[in-house]
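To keep things clear, I will list the structure first and then write my remarks on it.
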Protein chains: 2
Amino acid sequence: MLDAAYAILVGVGLAGFSIEAVATRSGVARTTIYRWWPSKGSLAIESFLEGFRPQLTYADSGSSADDFRTLLQSLARALGGPAGQVAASVVAQAQSDDETRRAFRDAFSEPLRRSTAALLRAGVDSGELRSDLDVPRVIDAAVGALYFRLLTGQSLDRAWAAHLADTLLRGCLAPSVRR
Amino acid sequence: MLDAAYAILVGVGLAGFSIEAVATRSGVARTTIYRWWPSKGSLAIESFLEGFRPQLTYADSGSSADDFRTLLQSLARALGGPAGQVAASVVAQAQSDDETRRAFRDAFSEPLRRSTAALLRAGVDSGELRSDLDVPRVIDAAVGALYFRLLTGQSLDRAWAAHLADTLLRGCLAPSVRR
DNA sequence: GGAATTCGATACACACTGTAGCGTAATGGC
DNA sequence: GCCATTACGCTACAGTGTGTATCGAATTCC
């Protein structure tokens with residue numbers, strides 16, 4: 001059923017995503033789906049997590065800047081593909097369903113935020129990044145830019161992510177490392 | 001009818017937003033609404049534009065950095081209020097309706113992008129901002145961060161916007177002006 | 001004052017939701 | 001091997017919203 005839900009979200013998009021459609025496609029009775037998922041949102045988010053989780057690269061090269069760039073690139077690569085369509089659908093669903101919003105935050109958004117924060121803080125500690133770096137804002141900007149491109153249907157690839165990372169990092173590097 | 005649509009989106013949110021509900025609330029027949037708007041999305045976006053347009057501040061203080069900060073603050077202020085709820089609903093609608101997506105981009109997203117780009121380019125020309133500034137990415141980051149906070153239901157106010165602007169500007173200022 | 005337009009009201013076919021009830025097949029413990 | 005539990009398919013149902021068609025009444029324009 002998760003496969004069917006994923007396939008529908010990737011193919012037809014949120015417009016054609018209904019319990020009915022998932023049931024038909026997966027060859028399962030509608031009642032069976034209701035038995036397992038309380039709402040459309042929870043089904044969507046679970047199918048997203050199923051298909052997305054293993055695609056991120058948390059490098060540890062010794063340079064926080066490089067690791068940051070690598071992470072953003074892997075994010076862009078993942079969200080630029082089919083999973084991006086699913087992610088956008090989940091975010092859209094979350095606008096009319098607090099439960100979905102909460103689930104998405106807890107299962108995806110916050111963990112990602114925490115990992116990124118740890119990565120940047122390591123850079124601050126090592127002296128590579130400026131000591132007064134406003135980590136939450138940098139993450140808002142980075143993740144936000146990805147959201148923005150994703151939800152406005154613009155392309156999302158490694159090259160774009162690399163440029164974004166470089167642009168952001170210019171304000172993050174410690175004075176002694178700046179170009 | 002636009003007032004009714006706006007009020008519903010602000011109050012109940014996207015969940016309770018239906019042609020039916022707008023008709024009932026505005027005391028109008030459902031058929032009349034269908035006569036004027038081809039889709040739910042076009043109704044939502046028009047009610048958004050009606051209630052939002054006049055709220056942005058395009059300052060011209062002589063400093064691009066200050067103007068950028070001011071613009072971001074006014075955006076945050078506007079989107080942090082009731083209109084933000086409506087904007088989020090429109091973006092969500094746009095995920096299942098290409099027409100809505102296109103309309104939102106043409107009527108809101110792109111003009112805002114263009115104005116911001118002009119503002120930043122003026123800073124580049126005046127020498128306040130670095131000559132190799134990647135303007136599109138800075139805008140992606142700034143606008144994206146706003147989107148992100150908006151769509152994940154996080155607060156959005158002037159103080160946050162000011163910190164965001166400062167964080168971004170650190171990577172934008174020309175070497176001679178840097179702190 | 002007559003024509004054109006716009007509206008309200010009703011009706012209809014359709015799709016999806018969410019719940020309930022019932023019979024059936026598989027599973028797992030003893 | 002038997003029996004209880006569990007999960008499933010199927011059907012039915014009431015409710016809500018969609019989108020279209022039709023028609024008479026009200027309003028506006030000239």
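Per chain, numbering begins at 1; letters A, B, ... match sequence-line order.
- Screening residues 8-23 of chain A for salt bridge (charged side-chain N to carboxylate O under 4.0 Å, His left out), with sequence neighbours left out, gives A/Glu20-A/Arg30.
- Here the C1' atom of nucleotide D/dT18 and the CG atom of B/Asp97 are 14 Å apart, to the nearest Å.
- One interatomic measurement links the two molecules: CD1 of B/Ile33 to P of D/dT20, which rounds to 14 Å at whole-angstrom precision.
- A/Met1 places its CE atom 9 Å from the C1' atom of D/dC8, with the value rounded to the nearest Å.
- Rounding to whole angstrom units, CZ of residue B/Arg35 and C1' of C/dA4 are separated by 14 Å.
- Taking the nucleotide of DNA chain C with the nearest heavy atom to each of A/Ile19 and B/Gly27, the more 5' of the two is matched to B/Gly27.
- When each of D/dC10, C/dC7, D/dT18 is scored by its nearest atom to the side-chain atoms of A/Thr31, the top-ranked nucleotide is D/dC10.
- Note on ring orientation: taking the six-membered ring where Trp is involved, the planes of A/Phe48 and A/Phe104 are tilted (angle from 30° to 60°).
- Regarding B/Leu43, its CG atom lies at a distance of 11 Å from the P atom of D/dT18, rounded to whole Å.
- B/Trp37 places its CH2 atom 16 Å from the P atom of D/dT20, with the value rounded to the nearest Å.
- A salt bridge links A/Arg69 with A/Asp66: the closest approach of a Lys/Arg side-chain nitrogen to an acidic carboxylate oxygen falls below 4.0 angstrom.
- Look at A/Trp36 and you'll find a side-chain N or O under 4.0 angstrom from OP1 or OP2 of D/dC8.
- In this structure, the OH atom of B/Tyr34 is 17 Å from the P atom of C/dT10, given to the nearest Å.
- If you take CZ of B/Arg30 and C1' of D/dT18, they are 7 Å apart, rounded to a whole angstrom.
- Closest contact between the side chain of B/Lys40 and the listed nucleotides D/dT18, D/dG9, C/dA9 involves D/dT18.
- A donor-acceptor pair shorter than 3.5 Å can be found between the side chains of A/Gln95 and A/Arg101.
- Listed nucleotides C/dT17, D/dG17, C/dG8 differ in distance to A/Ser18; the shortest reach to its side chain belongs to C/dT17.
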